[in-house]
Structures are given as structure tokens and as C-alpha cells.
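Working notes for the structure below.
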Amino acid sequence: MAAFPRFFSALNSGSSEAARVAAASVSGLTALLSSLATRTPRPIPVHFQAPLEGELEQELSDTAQVELAAQGPWSAARLRETLRTHLKGDRVIVLANREPCIHQRRPSGEVVVQHPASGLVTALEPVMRACSGVWVAHGSGSADRESSDARGRVEVAHGDASYLLRRVWLNEQEEAGYYYGFANEALWPLCHLAHAHPVFRRSDWQQYQRVNQRFADAVIAEAGCDDPIVLVQDYHFALVPRMLRRRCPRATILTFWHIPWPNTERFSICPYEDEILEGLLGSSIIGFQTPQYCHNFLESVDRALEVRIGRQELDVVRQQRTTLVRPYPISIEWPSRWSTTIPDPATCRAEVRADLSLPPETKLVVSVDRMDYTKGMEERLLTIERTLECWPEGAGPIAFVQVAAPSRTRIERYREFGEKVRSEVDRLNQRFGRQGYRPVVLFNRHYEPPEVFRLYRAADICYVSSLHDGMNLVAKEFIAARDDERGVLVLSRFTGAARELTEALVVNPYDLEGVADTLRVALTMSPIEQRERMRSLRSQVAEYNVYRWAGRMLLDATRLRQRERLQVRLAGRTRRRLARTIG
Ligand code: F6P
């Protein structure tokens with residue numbers, strides 16, 4: 001604050017020293033404003049004099065006051081209201097590789113709409129419904145083109161809410177190099193500590209750069225103004241923030257990295273480390289799932305680039321631009337839209353067992369994933385083997401249901417992994433199965449969200465065994481499904497979710513015997529303990545829902561946007577006053 005009296009007295013003195021002091025004070029102001037952006041919202045005391053006082057005080061405290069007034073839980077309505085009040089109706093553009101609905105042509109010729117198995121889509125779709133913005137994504141469905149207009153646009157409507165989906169078309173080589181190659185054979189294994197080595201091919205990197213530019217162009221075409229608010233999602237678009245910043249210096253760019261950010265030694269093996277970091281630093285804010293990933297990112301930046309890192313402020317200053325780095329743990333909509341349309345847990349329980357030809361008293365352990373080596377399915381199957389080996393005769397039947405949606409199957413590592421999982425399931429069923437009883441049921445196909453919700457309601461246990469996972473929303477969806485306050489969540493400690501969901505039974509998925517012991521504890525847990533744990537988990541997810549995730553990010557962006565606009569005005573005014581004073 002000390003800078004401000006100096007600033008005004010320097011201006012008023014009209015001396016030649018005024019220019020130097022005032023310039024230094026403006027940079028002090030800049031630093032102060034950006035540091036204010038990092039704190040908890042509250043009305044900000046302003047000590048300097050008119051004419052700026054009223055303006056700054058008004059703008060900054062308006063945000064804080066409205067925010068304070070908006071009490072109560074975060075909901076779609078509150079998010080909508082927040083956008084209306086703070087962003088004055090400015091359009092929000094989401095950029096994500098995966099589209100929220102995919103038009104597929106079946107062999108019969110019929111076109112169906114699929115909702116992909118993607119945590120990102122699960123989280124962002126309700127946010128888009130609340131914001132009515134534009135979602136820019138790769139049009140990957142076999143019937144996507146014929147279902148869109150000439151510009152690749154299609155309206156996605158839900159009741160009275162709707163938003164626009166803008167599809168970007170990629171050719172075979174682009175998709176192979178950018179999505180399968182650089183995103184999923186280089187960055188995905190680079191960021192996940194699981195069983196795969198990253199593969200860096202220069203040709204993939206070139207396609208990644210090219211395709212990032214194509215998506216950046218599509219975002220700009222949709223923006224229709226020079227200061228859009230863009231939510232860039234995930235590791236597919238690390239270069240887009242900088243591309244957008246160059247074309248729209250005033251844009252508010254919020255980038256969210258859904259997957260882990262590894263430690264600096266690991267990240268530094270990427271031959272394109274500098275370009276990726278520079279690309280991301282085009283963002284106004286970069287969000288990660290956990291504080292640890294923020295820390296890892298700051299370390300990577302510090303090691304690779306000439307920048308100033310604010311370790312207290314959690315920011316990076318590069319070429320006079322500040323990028324805030326923040327943890328925003330992602331979540332799901334609450335309440336789930338399926339909670340009223342899917343039958344109650346008792347009905348689901350009976351129906352699912354009947355569908356699977358299992359006796360009504362069968363204990364059911366459910367896991368739902370994409371078929372991906374990071375999800376710990378091999379370890380899970382070995383744990384199931386240990387559990388079945390020790391399962392007492394008199395304890396009644398037990399069955400493990402694994403939904404594994406096919407994923408990235410053009411990549412050899414994924415094909416090999418799928419084969420391994422299928423053969424292990426066969427082996428276990430041969431070893432432990434009997435006439436009419438298969439202890440492990442594998443559904444290696446796409447499941448629509450209501451089917452998954454029904455399974456969650458039918459389960460005694462949901463087991464999430466990821467070896468490394470940014471968040472894992474399956475864990476939160478299981479909790480959302482259990483309004484009967486029953487069921488036990490067994491959760492890998494290597495998920496971001498384990499930080500928040502502390503009443504789950506948290507396990508190390510590599511410790512096969514340890515997890516088998518925990519599964520036995522879960523299978524015999526009393527209804528009272530299940531209720532206590534589930535009640536607490538439900539209140540956690542209800543409060544920290546996806547509207548809060550989006551609301552917090554957008555409010556941080558709003559404050560940043562106000563301050564940046566104000567800085568531009570202040571700088572202009574300062575220049576004019578200096579010009580008058582000096583000459
Ligand atoms: O977890 C990272 C992620 O991109 C998610 O955001 C999404 O749930 C998942 O991978 C889906 O992968 P894909 O889009 O390659 O099918």
C-alpha cells in the first residue's frame with residue numbers, strides 16, 4: 001500500500017522525478033493488484049485518493065459483495081446467476097478434445113447419440129448447461145458431420161437449457177499424430193506413473209502443434225470479441241493458451257489440467273518441455289487437481305524457463321504477464337440428474353442380480369473404467385483372485401462386475417492391455433466358476449450413464465484401483481448414486497479423490513493382500529458404519545460439487561479480468577496525466 005501515497009504525491013509535484021516515481025508506483029500497483037487476485041474474496045480497503053478511489057473500490061468490492069450475498073450451496077442456478085452478475089453475460093467457450101455427445105451410425109444404418117466414458121465430460125457438461133456457452137471439440141463420431149450444420153455446429157438441448165457444440169474435423173493423419181500419438185502415447189504416460197513409457201515422435205509433435213493451432217482458430221472464430229473467456233481443457237491443448245493470447249491479448253484464458261503433473265525430473269524427459277510450458281503460460285489461470293500438482297508444475301517452470309515464480313502467491317510472471325496457478329479439485333453435478341429417474345437402490349439391487357443370473361443375496365463389487373492401464377485392472381484382478389481364494393464357503397456368493405469401456409484402441413499398448421484383462425478374467429472364471437456361476441463379469445463395451453448409475457445403486461462395494469489418477473470421478477458418482485446411505489467405497493490412495501473422500505476405505509492397489517483384506521472388511525461392514533461413512537462422503541461431494549469448481553474458477557477469472565481492465569484504464573490515465581504534468 002505504501003506505493004500509493006508516493007504515486008499521487010509524485011504526480012501532484014509535477015517534477016521530473018515524478019515520471020520515475022509514478023512509473024515505479026504503477027508497477028507497484030500492478031504487483032499489488034495481481035497479489036490481491038490470489039486471496040480469498042472480501043471487500044478490499046482502498047486508501048488512496050480520488051478520482052481513482054471510487055472506481056476501484058466500487059468494482060472490486062462489488063464482486064466480493066455479490067459473492068458474499070450469494071450464500072448457500074453451489075448449484076446450476078447459482079452458477080448461472082454468478083455468470084450473469086459478474087461476467088455480464090459474456091459468453092464462455094469451452095475447448096475440450098472430447099465432445100459431450102457423439103453421433104454414431106450403427107451397422108443397421110440407425111444414428112444413435114452416445115455419451116462418452118469421460119470424467120471431463122461428466123464434469124463439464126452440467127456446467128455448460130448452466131452457462132449456455134459454446135463447446136469446441138473434435139467431431140469424432142461416424143455420423144457427426146451429417147448431424148451438424150455447414151460450420152460443424154449443433155445445438156445440444158436439455159429441457160429449457162441449451163448450449164452450442166462446435167465440431168472441428170480432423171483427418172486421419174492429424175488424429176493419429178495429435179490424439180493417439182502425442183497426447184496419448186507421449187503426454188499421457190509421461191504424466192501417469194503407471195506401466196508405460198512415453199514415446200516421443202517428432203511427426204506426432206508436429207501434428208500436435210498443427211492441430212492445436214486449428215482448435216485455437218476455431219475458438220477465435222466462435223469468440224466474436226477480443227476478450228473472450230475460454231476454458232481450455234486438458235493435455236490435448238497445452239499450446240493453445242499461448243496461441244490464443246497472441247491473437248487476443250485481452251482474453252481470459254482458464255486452463256485446467258485434468259491429469260497429474262509429474263515431478264520435474266520426470267517432466268524434463270519430454271523433448272518439448274519448454275514449448276509446452278510456454279504454451280500453458282499463455283493462460284490467465286492454470287488449474288490442477290491438487291496442490292501437489294501445482295507445486296510440481298511451478299518446479300518444472302522454474303527449472304526450465306527464465307521467469308519469476310511467486311511461491312506464496314502461486315503465480316508465474318513472464319514478460320510482464322502473470323499466470324496464476326491454483327488447485328481446483330474437479331467434481332460432479334449434485335444432485336445427479338439420474339437420482340430421480342433411475343429406480344431406487346433396492347429395486348436396482350434386485351434387477352441387476354436377476355439380469356446377471358445371480359442369487360439375490362450375492363455380494364456385488366463393481367468397478368467402472370475406461371480400458372486403460374492406469375486404472376490398475378490387472379492388480380485388481382489379482383486382488384480378486386486373493387479374495388476368492390479366502391472367501392469362506394458359508395459367506396454366500398460374491399461377484400465382481402467390471403465395466404471397461406473400449407478406449408484408444410488404435411494404440412498397441414491399449415490393445416495388449418485389453419487382451420491381458422480379458423484373458424485374466426477368463427482364467428479367474430475357469431478357476432473359480434461353477435455351473436451357472438461366473439465370479440467375474442466383464443462388460444467390455446460402452447455403457448450409457450443411466451446404466452452405470454443403476455450398477456452403482458446395485459453394488460455392495462465400488463472399487464477404484466487407479467495406479468495414478470488426477471481425480472477419478474467414478475468414486476464421486478458412486479457416492480451420488482447412494483441416497484440410501486449404503487455401500488462402501490474402496491479407493492486407491494493414488495487418486496486425487498482420495499484427498500477429499502477420507503471416509504472411503506483408502507488402499508494401495510499394488511498391495512494385493514492388503515486390498516483383499518480391505519475388501520473383506522468392506523463386505524462385512526455393518527449397515528451403521530456404512531451409513532456413517534456414506535453420509536459424510538455425500539455431504540462432502542454435495543458441498544464440493546462441480547458448480548463450485550466452475551464458480552470458483554470463474555470468480556477468480558472475473559477478479560483478474562476486472563483488475564486487468566482497470567490496469568489498462570489506469571495506465572492510460574497515468575500516461576495522460578504525466579503528459580500534462582511534464583509537458
Ligand atoms: O483423464 C483424462 C481424460 O482426458 C479425461 O479428462 C477423460 O475422462 C478421459 O481422459 C477420456 O479419454 P479419451 O477422451 O481419450 O477417451
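Owing to the predicted nature of the structure, the values given are computational and were not obtained by experimental measurement. Both counts, for ligands and for their atoms, begin at 1 and track the order of listing.
Residue Arg98 places at least one N or O, backbone or side chain, under 3.5 Å from an N or O of ligand 1. Any N or O atom pair closer than 3.5 Å counts here, and Tyr179 shares at least one such pair with ligand 1. Backbone and side-chain nitrogen or oxygen atoms of Asp234 are examined, and one is located within less than 3.5 angstrom of a nitrogen or oxygen of ligand 1. Between Asn184 and ligand 1, not a single N/O pair is under 3.5 Å apart. Between His236 and ligand 1, no pair of N/O atoms sits closer than 3.5 Å. Considering backbone and side-chain N/O atoms, Gly119 comes within less than 3.5 Å of an N/O atom of ligand 1.
Residues forming a side chain to side chain donor-acceptor pair (under 3.5 Å) with Thr495 (at least two apart in sequence, or on another chain): none. With sequence neighbours left out, the salt bridge (Lys or Arg N to Asp or Glu O under 4.0 Å) criterion links Arg266 to no other residue.
Nearest non-hydrogen protein atom to atom 7 (C) of ligand 1 is Ser118 OG, 3.4 Å. Looking only at heavy atoms of the protein, atom 10 (O) of ligand 1 is closest to Arg408 NH2, 3.2 Å.
Contacts with ligand 1 closer than 4.0 Å are made by no heavy atom of Phe256, backbone or side chain. If you look at Arg370 next to ligand 1, the close heavy atoms, those under 4.0 Å, all belong to the side chain. Counting heavy atoms under 4.0 Å from ligand 1, residue Leu120 touches it through both backbone and side chain.
Residues Phe182 and Tyr208 place their aromatic rings such that the two centres sit under 6.0 Å apart.
For the pair Leu501 and Val541, the minimum side-chain heavy-atom distance is below 4.5 Å.
A cation-pi arrangement, defined by a distance under 6.0 Å to the six-membered ring centre and an angle within 45 degrees of its axis, is present between Arg408 and Trp188.
Each of the following atoms of ligand 1 lies closer than 4.0 Å to a heavy atom of Ile259: 1 (O), 2 (C).
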Could you please spell out the steps behind the side-chain contact (heavy atoms from CB on, under 4.5 Å) verdict for Arg337 and Glu125?
CA-CA 12 Å; Arg337 82 193 81 158; Glu125 217 271 340; 3.5 Å; yes

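Under the 3.5 Å distance criterion, the side-chain polar atoms of Arg98 are left unmatched by any main-chain donor or acceptor of Gly119.
Contact check on Lys420 versus Glu424 returns no salt bridge, with no Lys/Arg side-chain nitrogen under 4.0 Å from an Asp/Glu carboxylate oxygen.
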